[in-house]
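Position 1 is the first residue of the sequence; numbering continues from there. The model shown is predicted, which means the values in this text are computed figures rather than measured ones. The figures that follow rest on heavy atoms only: side chains count, while hydrogens, waters and symmetry mates do not.
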Amino acid sequence: MTMVTTPTTPQAVTEFDREVDYIIVGAGSAGSILANRLSASGEHQVLVLEFGGKDNSIFIQMPTALSIPLNTRRFDWGFYTEPEAGLNGRRIHQARGKVIGGSSSINGMVYVRGSAGDFDEWSELGARNWDYAHVLPYFQRLENCFYGADDYRGDQGPMGICNGNNMQNPLYRAFIEAGDQAGYGLTDDYNGFRQEGFGKMDMTVKDGQRCSTARAYLKPALSRPNLDLQIRAMTTRVIMEGKTAIGVEYRKGGKVFRVRARKEVILSASAFNSPKLLMLSGIGPAEHLQAHGIDVVHHLPGVGENLQDHLEVWVQQQCTQPITLNSRLGPISKAMIGMRWLLFKSGLGATNHFESNGYIRSRAGLKFPDLQYHFLAGAIAYDGSSAASGHGFQVHLGANKPTSRGTVRLQSARPEDAPILRFNYLSSEEDKQAYRDGLRLTREIFQQPALAAYRGVELSPGADVQTDAEIDDWVARSAETAYHPAGSCRMGSDEMAVVDSDCRVHGLSGLRVVDSSIMPTVTNGNLNAPTMMIAEKAADLILGQTPLPPSTAPVYEAPNWSQQQRERPAR
């Protein structure tokens, strides 16, 4: 083994096992994209370090089996929050992918960019050139959209996007029509000109199989001699020389390895593990680091702050016709679904079952939607742990612009110890009010004529939940994470920002963070799409390439958005 030496400093080691140009920590939604883009020219030696393993399990590749890898420790880090006061002291499972493709290999495959206003908000908060006009071309670059290309969509990218089984179950179209009848309108493409309204839902499925970033980006690049992927490799720290990141240390097979980065170290380890790794490396809030006996290399108080997530509740309705997924949950039905998928990659095995959705504004004065609906033609827990008896359908209701903020903190200085996660869910009155309004508006949608032929009694929360206090109690008892953590290494220019608009860690050189942790605020929708966009845009920044020109495509703006559009439901 060739040893590479470097001058001795208080923070540096004297010997490295090898040298590369770029080290990427994490082969997830962002890291797999960076691995492909940074190695594409053949000019740069790229090393990717992933703690998880391969993604060849049938339960990862079959879209309908999404609840299995989500709850399998082989593929999931197994993180839990601390007891959350706003959720009756419950500890909430926070699944994160521990496998190539990261969370894109275990998530629900829902593809939602967010609203144009989300990215304009980022820009207003100091993320220069991350407004909608500047990020739209990077969404287009990653997409291989089944519907074709236009001013908003791309069809030449690696990431396959479709609508699953094209809403063959009549309940999907009935839900869309009900949203229109309730006055919210329709959208031809919620990832295009207009997010607001009701329409079909996109999923990252291609040819009947999950299209993770491992499948779309990483695996096609692994034949390149300048790209090296190391799995089962736990990165333990970034090696610093003064204020410059010069490499990383990682463990694999009981051995410790040190690799020097000639150009940069890039953390793409998730909203939990990226701040954790910074802190283990002496970068973060000085007092917290010192409490764990970690030498402070660089005081950066924003590391681990600003943690955000989406909660969701399931509003379930009895279905009076035997057409729902609840009839397909028995072992024989599952075997038939699995056999068809194995042979033809089609049928109910080839979809995540979220084939229609909606986006509305919960109150007056909002320029863009803040409530999201995933519609499911069944009454089943997201993780598959429980199902309603008989037939039912449901929406997953999410209030997607929370004001509550939490933290990521170290449990100890041991890399193998999980971080301490506190989201402080529902700690603001505004967040509670969003769910009160959201439930009432959902009930109004469910009462529309389009669903009359299917609608039975309300299963959850039930007709006895009506007052603010009753709704608050139901949400506290039943809300679950939507698995969308973000913001813990926030991008911006103020003293609490962790990275600048080029994803470089403030005050340091040779070190960037590229994943959902850098989002200033969480977007109105699922996070895999904007995380992939971040990686596409960051790849150009890292390589010093000319950014894609900003889009001039117009954005839908609700008429008279600053005035009351609907009466607030009676409390």
Have [X] and [Y] got a donor and an acceptor in their side chains that come within less than 3.5 Å?
X      : Y      : result
His374 : Asn526 : yes
Thr64  : His353 : yes
Ser39  : Arg224 : yes
Asp515 : Ser270 : no
Thr213 : Ser29  : no
Tyr111 : Glu143 : yes

Straight-line distance of [X] [atom1] to [Y] [atom2], nearest 0.5 Å:
X      : Y      : atom1 : atom2 : value
Thr481 : Gln94  : OG1   : CD    : 4.0 Å
Ile68  : Met62  : CD1   : CE    : 8.0 Å
Asn524 : Phe119 : CG    : CZ    : 10.0 Å
Arg262 : Gln45  : CZ    : CD    : 6.5 Å
Met201 : Asn357 : CE    : CG    : 4.0 Å
Ser212 : Ile106 : OG    : CD1   : 11.5 Å

Counting N and O atoms only, with roles assigned by atom type, does the side chain of [X] sit under 3.5 Å from a partner on the main chain of [Y], one being a donor and the other an acceptor?
X      : Y      : value
Lys98  : Gly53  : no
Ser281 : Ile283 : no
Ser105 : Ile100 : yes
Ser268 : Gly26  : no
Gln308 : Val522 : yes
Asp202 : Ile161 : no
Gln411 : Ala418 : yes
Arg91  : Glu82  : no
Glu84  : Tyr425 : yes
His292 : Arg414 : no

Open item on the list: Among Leu508, Leu278, Leu511, Val303, exactly one meets side-chain contact (heavy atoms from CB on, under 4.5 Å) together with His298. Which residue is that?
Closed with: Leu508

TODO: Walk me through it: do Trp77 and Phe51 pass the test ring-ring contact (aromatic ring centres under 6.0 Å, His included)?
DONE: CA-CA 10 Å; Trp77 281 83; Phe51 185 54; 5.1 Å; yes

TODO: Describe, in one word, how the ring planes of His396 and Trp314 are oriented to each other, choosing from parallel (under 30°), tilted (30 to 60°) and perpendicular (over 60°).
DONE: tilted

Heavy atoms only: give me the nearest [X]-[Y] pair and the separation to one decimal.
X      : Y      : result
Trp122 : Thr521 : NE1-O, 2.9 Å
Met491 : Ser501 : SD-CA, 3.9 Å
Leu410 : Met279 : CD1-CB, 3.7 Å
Leu142 : Ala529 : CD2-O, 4.4 Å
Val20  : Ile23  : CG2-CG1, 3.5 Å
Leu218 : Ala35  : CD1-CB, 3.9 Å

Considering only NZ, NE, NH1 and NH2 on the basic side and carboxylate oxygens on the acidic side, decide whether [X] and [Y] come within less than 4.0 Å.
X      : Y      : value
Asp55  : Arg210 : no
Glu305 : Arg409 : yes
Asp118 : Lys401 : yes

Heavy-atom distance under 4.5 Å between the side chains of [X] and [Y], does that happen here?
X      : Y      : result
Tyr138 : Asp540 : yes
Ile246 : Phe16  : yes
Arg512 : Asp502 : yes
Pro485 : Arg96  : yes
Gln230 : Phe257 : no
Val238 : Leu267 : yes
Leu280 : Thr236 : no
Tyr250 : Val259 : yes

Open item on the list: Could you walk me through whether Phe423 and Ile92 satisfy the side chain to side chain contact (heavy atoms under 4.5 Å, CB included) test, starting with their C-alpha distance in whole Å, then the side-chain angles of each, then the deciding distance to 0.1 Å, before giving a yes or no?
Closed with: CA-CA 10 Å; Phe423 284 91; Ile92 305 301; over 6 Å; no

Open item on the list: Counting only heavy atoms not in Glu416 (residues, nucleotides, ligands), do more than 12 fall under 6.0 Å from its CD?
Closed with: yes

Open item on the list: Atom CD of residue position Glu429 - does it have more than 12 heavy atoms of other residues, nucleotides or ligands inside 6.0 Å?
Closed with: yes

Task: Criterion side chain to side chain contact (heavy atoms under 4.5 Å, CB included) on Leu421 and Val408, from CA distance to verdict - done: CA-CA 5 Å; Leu421 308 176; Val408 177; 4.0 Å; yes

TODO: Might you work through the side chain to side chain contact (heavy atoms under 4.5 Å, CB included) test for Thr72 and Phe59, ending with a clear yes or no?
DONE: CA-CA 10 Å; Thr72 301; Phe59 300 120; over 6 Å; no

Open item on the list: Run the side chain to side chain contact (heavy atoms under 4.5 Å, CB included) test on Glu50 and Leu229 for me, step by step, so that the C-alpha distance in whole Å, both residues' side-chain angles and the decisive distance to 0.1 Å come before the verdict.
Closed with: CA-CA 8 Å; Glu50 168 58 47; Leu229 168 66; 4.3 Å; yes

Task: Pair His93-Asp76, side-chain hydrogen bond (donor to acceptor under 3.5 Å, both in side chains): steps then yes or no - done: CA-CA 10 Å; His93 178 218; Asp76 168 35; 2.7 Å; yes

Open item on the list: side-chain hydrogen bond (donor to acceptor under 3.5 Å, both in side chains), that's the test. Do Ser488 and Ser517 meet it? Break it down for me.
Closed with: CA-CA 5 Å; Ser488 53; Ser517 71; 4.6 Å; no

Task: Derivation and outcome, salt bridge (charged side-chain N to carboxylate O under 4.0 Å, His left out), residues Asp17 and Lys255 - done: CA-CA 12 Å; Asp17 299 296; Lys255 297 180 180 179; over 6 Å; no

